[in-house]
Asker: 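Structure below; questions to follow.
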There are 2 protein chains.
Amino acid sequence: MTDTLVTVFAALGDETRWSILTALGEGDASASALAGRLPVSRQAIAKHLAVLHEVGLVEPVRAGREVRYRVVGAELAAVARRLEVVGVAWDRRLAAIKEIAEGL
Amino acid sequence: MTDTLVTVFAALGDETRWSILTALGEGDASASALAGRLPVSRQAIAKHLAVLHEVGLVEPVRAGREVRYRVVGAELAAVARRLEVVGVAWDRRLAAIKEIAEGL
DNA sequence: CGTCAATGCAACTATGGGGTTGCAGTAAGC
DNA sequence: GCTTACTGCAACCCCATAGTTGCATTGACG
């Protein structure tokens, strides 16, 4: 269960990839276009896009000779939901311990 | 805004750290105790705990001569909420584009 | 006080991955 | 058809970091 989750987090744990994601958040773009406004080479961006695509955070769309990428917000929301479940479970355990400690 | 978020994801993007977090999810434990049931050395776990502590996912509690760690579910939930906001925003943009494309 | 078990600190290794450059392939447009 | 611009692949560099071992330190407890 958590194996895909970890890879998604690993994908999100990089500044450059967040730059790419937020840039795509303002509109679809190709690797070359992104290379124009980010301080890294096109190939570096292409690698990042491949990583993001593998975890489902981004989707390639062929448009003629260029490949535009679209950000997939639904995937982020899904991850968020799974995260919240885990976090709440941990806090519930803490709350339970607290009650026991207070002799309730 | 996203700078802390990225570091949290970087912290979560590691299998061993997830093992530690899930182990702590079942009950507080010290670095030595965790080293007992995980296939890595105590020092490696200590480093991971330091990382997790820096991003607020875990909290040290001195208990005599040992230091037990408690997982902080609230932090995870907070991250989840921030994530969901971003994801929903991206999807709203997509929905808006779709409406425009459909000439609505 | 002496022993034992736990933590903390430091040096070291090595693998992964972010970044680069270079070149080949491929599709638009004149 | 030729040129141009974008993508794809491959080899390479380098730094961050996950992991190790070794030793010093500190607090419990008989």
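Chain letters run A, B, ... following the sequence lines, proteins first, then strands; residues in each count from 1.
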Asker: Let me know the distance between CZ of Arg65(B) and P of dC4(C), rounded to the nearest Å.
Answerer: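 My rounded result for the distance is 12 Å.
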Asker: Going through the distances and angles, do Val6(B) and Leu12(A) end up as a side-chain contact (heavy atoms from CB on, under 4.5 Å)?
Answerer: CA-CA 7 Å; Val6(B) 172; Leu12(A) 290 175; over 6 Å; no
Asker: Please report the distance, rounded to the nearest Å, between CG in Leu38(A) and P in dT20(C).
Answerer: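 From Leu38(A) CG to dT20(C) P: 11 Å.
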Asker: With no angle test and no hydrogens, is the base of dG19(D) tied to the side chain of Arg42(B) by a donor-acceptor pair under 3.5 Å?
Answerer: no
Asker: Determine the interplanar angle of the Trp18(B) and Phe9(A) rings, folded into 0 to 90°, and report it as parallel if under 30°, tilted if 30 to 60°, perpendicular if over 60°.
Answerer: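 Ring orientation of Trp18(B) relative to Phe9(A): parallel.
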Asker: Measure CZ/Phe9(B) against P/dT17(D) and give the value in whole Å, please.
Answerer: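 Spelled out: CZ on Phe9(B) to P on dT17(D) is 17 Å.
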Asker: Backbone N or O of Ser30(A) within a donor-acceptor pair of the Arg68(A) side chain at under 3.5 Å?
Answerer: no
Asker: Strictly below 4.0 Å: does Thr16(A) bring a side-chain N or O up to OP1 or OP2 of dG19(C)?
Answerer: yes
Asker: Within the modelled atom types, does a donor on one side and an acceptor on the other bring the side chain of Gln43(A) and the base of dG22(C) under 3.5 Å apart?
Answerer: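 When only heavy-atom distances are counted, Gln43(A) does reach the base of dG22(C) through a donor-acceptor pair under 3.5 Å.
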Asker: Atom CG of Asp14(A) to atom P of dG16(C): distance rounded to whole Å?
Answerer: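 After rounding, the gap between these two atoms is 18 Å.
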Asker: Would you indicate what Arg68(B) reaches in the nucleic acid, counting non-hydrogen atoms under 4.0 angstrom: base, sugar-phosphate, or nothing?
Answerer: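 Nothing: the residue Arg68(B), judged by heavy atoms under 4.0 Å, touches no strand.
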Asker: Base, sugar-phosphate, or nothing: which does Ala31(B) touch, judged by heavy atoms less than 4.0 Å apart?
Answerer: sugar-phosphate
Asker: Rounding to a whole Å, what distance do you find between Leu49(B):CG and dA6(C):P?
Answerer: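 About 16 Å, once rounded to whole Å.
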Asker: Would you say His48(A) reaches dG17(C)'s phosphate, i.e. side-chain N/O to OP1/OP2 under 4.0 Å?
Answerer: no
Asker: How many Å lie between CD on Glu15(B) and C1' on dG19(D), as a whole number?
Answerer: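 About 16 Å, once rounded to whole Å.
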Asker: Could you check Ser41(A) against Arg62(B) and say which one's nearest nucleotide on DNA chain C is further toward the 5' end?
Answerer: Arg62(B)
Asker: State, with a plain yes or no, whether a side-chain heavy atom of Ile45(A) is found less than 4.5 Å away from one of Leu49(A).
Answerer: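 Touching, per the 4.5 Å side-chain cut-off.
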Asker: Regarding dG17(C), can its base be found pairing with the side chain of Lys47(A) as donor and acceptor, where the two atoms are less than 3.5 Å apart?
Answerer: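 Answer no: no donor N or O sits under 3.5 Å from an acceptor.
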Asker: Distance check needed: dC6(D) C1' versus Asp28(A) CG, whole Å only.
Answerer: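 Distance check: Asp28(A) CG to dC6(D) C1' gives 17 Å.
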